[in-house]
Structures are given as structure tokens and as C-alpha cells.
2 protein chains.
Amino acid sequence: MMAEVEIKTASEQTRARLLDAAREVFSQHSFQGATVREICRLAEANVAAVNYHFGSKEGLLAEALNFSQLTALQKANVTADACPKIRLRLFLRDFMLMLLDEKHASSQCRIMARELADPTPALDQIVSEAIAPLHEFLGKLLREIVGNKVGEAELRRCVYSIFGQCQFYRHSHPVLQRLHPKLRYDHKEIDAIAEHITDFSLAGIKQLAKKSG
Amino acid sequence: MMAEVEIKTASEQTRARLLDAAREVFSQHSFQGATVREICRLAEANVAAVNYHFGSKEGLLAEALNFSQLTALQKANVTADACPKIRLRLFLRDFMLMLLDEKHASSQCRIMARELADPTPALDQIVSEAIAPLHEFLGKLLREIVGNKVGEAELRRCVYSIFGQCQFYRHSHPVLQRLHPKLRYDHKEIDAIAEHITDFSLAGIKQLAKKSG
DNA sequence: TTTACTTTCAAACAAGTGTTTGATACAGTT
DNA sequence: AACTGTATCAAACACTTGTTTGAAAGTAAA
């Protein structure tokens, strides 16, 4: 890396402000619900800035996507010196923190969650760059735990079972808030959730290995 | 019920056509994405008909919601003469059929799924009339399986784990289609999914009972 | 048929959308 | 200082949105 990364022209600064604002707004509203004007207001830029710098609202969304946090998490886990079961536990804790922590929850994850319900052209990018590698990562990790006797389709369903549990807490947050108004996603609660998902899933996986083995 | 339910005035017929069209359109687009004009086109009614009969677009959505299928499913399960574990298996199969079957998949479920990602005032109604009873139902069923030694919070997380797995296949359908283009939710596939979720979850629950007991 | 009421309809309305425009201000180079 | 390409801006554009309007058509009782 060069030292010059810190020096930005005025143009680059507005670009960066727009991207930050876009991530914020797109994570709170659906793509349709988010307005260019609100993004520009938040970025303190002119309405025309989006089209000037990114061509269109869609182009802005495409550039606002950034999965570095997610890939870093996987890389760290792969190189960790621990047995597969513990690595699953570590991964789920980190993943749920990224998904739920109100402090530094990844706006990327929120945007991804929205794309599922109401896909835009950006979903193709999200799937190929983020979700596909993520599923492959967890699939390999589970394979280490479960051995070679379990079929590919059944293993995949275990991956789905785990991500399904994880995503539930993000997707259904509006519902859970109404069911249990006291619920807060603080660090302690997130840890407890991750622990539950890990224990629950490890049992489910073992049962599968036993049945097939 | 009177026999007259079959005889409908012209006004009642347009009302019914609008409700049908609304369920269709709201299940395919988000509330914001769905347009009154498209609904009216599908219902072969004038644009003003929505506001005349239902007051507003929101009013139409509120009246279009109908959870009878969901409550019937629960009632049938409660009165079934079978042990809790088998009733869980039966419930999950029926529930997944309702959720996924492309033939007669409940548009209601699709609408509910959309509401999670982008809540409208209708979500309050959905939560209190459909989701809360559903969670309570599954909670009681799990309690029968797990006994009284497991805490309330942990049991609730099991409910979440199960619904999380179920909803995953509906929520992430756009993603799964891209990951595995061959995937089709036919009757056989849905049965296999329901079986997997049941086995996976029963193992998770048992592990919890063992730990706490 | 006349009367009173309900329902439909084309048209318009006000507000909001993403995008474009042409002028203006600003940089860096010669 | 003059020139040049870049970036910003207020304003307008073309279009869609949910909703309203006032007249026309339909319906049913008197």
C-alpha cells in the first residue's frame, strides 16, 4: 500500500460520502424505498451527484456492496488452529456478531437480507461474490465434522439449517421486537444465541452422521 | 351459514376480484413495489375501485390478509391422535407444503415474508393474528417433547431454530435458484426438506433436554 | 316512471421518483 | 492570465405513484 491513500481529492471525497450514505440508506429501506434524494441529503451532495459519479441508482448500489468483512472472517477461521467443531463455534459467534450487533452491524448484511425479499440486479453479484463462497466455506467445515459417509444433498441441507437459524434473528427482528419488546441484541444476548445455534446444530449434524454411518 | 353466500351482487364480485388480485400482486412485489393500477388491471376494475371499496391501498392489504389456512393447520394438528414427536413431523410437513408448494402455495405466506423485510402497518396485524399464535403453538408442542426441565428462553430459541430453518427455503429461494438452478420445490423435494428439518431439530431438542436434565 | 342510492368510469390532481441539462465554480497546466 | 477538463449546482424533465372528482350508468324500491 502507498501512503497516498489518505490524500483524497474533493471529488473522491464526495464519492466516498455517497457510498457511505448509500450503505446507510439501502440498509434501512428497500432498493425501491430508498431515494436518491435522501442519500444525497445524507452525503451533503447534490442530487445529480449520484448519476454523475455512478451512472445510476443501480450503479451506486453495485459499488456500495463490499464483502471484505465477510471474506476476512472466513479466512481467519480457515487459518485458525482448532478442531472443526470449535471452529464452527467460533465462526457462528463472529458471524452472528456481524449480523446482529447494533454497534457495528454490517450494513452489507442488512442490504443482502433485503435483496432476498425483493431481488434487484445486484442479487446476482451478491450471490456470486458473497453467498456462494460462504456456503462453500461452511460446507467444507461441516464435511470435516461429519466425514465422508454423509451425502452431498444432506450436507447441503445442514448448511441451510444453520444459515436459516442465523438469518432468522436478522430477518425476523421486526417480528421478535413485537413479540418480546424487551429483546435487545447486546453482546451477551448475541453470544447466547450463537451458543444455542452451535449446540443445536452440532446435535443435528451428529444425528445425521450416525444415521448414515 | 346461509345459502345466499353464493349469490353475490356486482359490487361484491368486484370486491372479491380486487382481493384476489391484491393477494396475487402483493405476494409477487413488496407493498411499495405493488401498484394499485396493476391490481386493478388484474381484477378488471377501475383504478378508483380500490379507494372506493377499501379506502386505501393499505386498507386493501389489511383485508387481503387471511390466515384461515394457517389456523386450520394448527387446529388439525392439536386434535390429531399421535405422540408429540410425530405431530411435530406432521406439522412440519404440512407447514412446508403450505410455504413452498408452487401449486397451491399460500400467497399469504409470501406476503408475510415480504413484510418482515420491509414492514408496513400490516405487520402488527400479521404478528398478533398469525405469528404469535403460531409461535405459541410450536412452543407448546416442543414443551411436550422436552419436558419441564428446559428453561423458557431456551425453548423459545428452539422454536426460532425451527421456524428459521423453515423460512430459509422461502426467503432464500431467489438465492438457492441461482446456486442450484435445477432445484424445484416439487412434492418430493418438499417432503425431503421437511424430513430433514424434523430430524435435525429433534436431535437439537434432545441434546438440550439432556444437557438441562 | 320517478326517485334515491350505489357503483363505475375517464380524467385530473398533487406529490414524489430517477435522471438530464446548462450554467457556474474550481482545479491544474501552459 | 488564459485555457481546459472536471465537478457542483439549481432547475427542469418525463414519468409514475396513490388518491380524488364529478359525471354517467346501474339498481331497486315507491
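Below, each value reflects all heavy atoms present in this structure, side chains not excepted, and no hydrogens, waters or symmetry copies. Reminder, nothing fancy here: chain letters follow the sequence lines and each chain counts from 1.
Between B/Asn51 atom CG and C/dA12 atom P there is a gap of 19 Å when expressed in whole angstrom units.
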Does B/Phe163 form a ring pair (Phe, Tyr, Trp, His ring centres under 6.0 Å) with B/Phe95? I'd like the steps, not just the answer. CA-CA 10 Å; B/Phe163 281 128; B/Phe95 187 64; 5.7 Å; yes
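Taking the side-chain hydrogen bond (donor to acceptor under 3.5 Å, both in side chains) definition, one finds that A/Asp124 meets it with B/Arg178, sequence neighbours left out. Applying the side-chain hydrogen bond (donor to acceptor under 3.5 Å, both in side chains) criterion to A/Thr14, with sequence neighbours excluded, gives no partner residue. Residues meeting the side-chain contact (heavy atoms from CB on, under 4.5 Å) test with B/Asn46, sequence neighbours left out: B/Ala48. Listed by chain and number, the residues in a salt bridge (charged side-chain N to carboxylate O under 4.0 Å, His left out) with A/Glu58 amount to none (sequence neighbours excluded). With sequence neighbours excluded, the residues forming a ring pair (Phe, Tyr, Trp, His ring centres under 6.0 Å) with B/Phe137 are B/Phe91, listed by chain and number. Under the ring pair (Phe, Tyr, Trp, His ring centres under 6.0 Å) criterion, A/His53 pairs with no residue at all, not counting sequence neighbours. B/Thr120 is linked by a side-chain contact (heavy atoms from CB on, under 4.5 Å) to B/Phe31, B/Leu61, B/Glu115, B/Ala122, counting only residues two or more places apart in sequence or in another chain.
Counted by atom type alone, B/Ser201 and B/Gln165 present one or more donor-acceptor pairs between their side chains at under 3.5 Å.
The span of DNA chain D lying next to chain A, judged by atoms under 4.0 Å from heavy atoms, is bounded 5' to 3' by D/dT6 to D/dA12.
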Close N or O pairs between protein and nucleotides 3-10 of chain C (under 3.5 Å):
{"residue": "C/dT7", "atom": "OP1", "partner": "B/Ser11", "partner atom": "OG", "Å": "3.1"}
{"residue": "C/dT7", "atom": "OP2", "partner": "B/Tyr52", "partner atom": "OH", "Å": "2.8"}
{"residue": "C/dT7", "atom": "O5'", "partner": "B/Tyr52", "partner atom": "OH", "Å": "3.4"}
{"residue": "C/dT8", "atom": "OP1", "partner": "B/Thr14", "partner atom": "OG1", "Å": "2.9"}
{"residue": "C/dT8", "atom": "OP2", "partner": "B/His53", "partner atom": "NE2", "Å": "3.0"}
{"residue": "C/dA10", "atom": "N7", "partner": "B/Asn46", "partner atom": "ND2", "Å": "3.3"}

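The ring pair (Phe, Tyr, Trp, His ring centres under 6.0 Å) pairs that include a residue from residues 174-199 of chain B are B/His173-B/Tyr185, B/His196-B/Phe200, where partners are two or more places apart or lie in different chains.
Within residues 25-39 of chain B, the residues that place at least one heavy atom under 4.0 Å from DNA chain D are, in residue-number order, B/Ala34, B/Thr35, B/Val36, B/Arg37. Non-hydrogen atoms lying under 4.0 Å from DNA chain C are contributed by nothing in residues 112-123 of chain B.
Expressed to the nearest 0.5 Å, how far CG of A/Leu100 lies from CD of A/Glu189 amounts to 9.0 Å.
Using a 4.0 Å cut-off between charged side-chain N and carboxylate O, B/Glu195 and B/Arg93 make no salt bridge.
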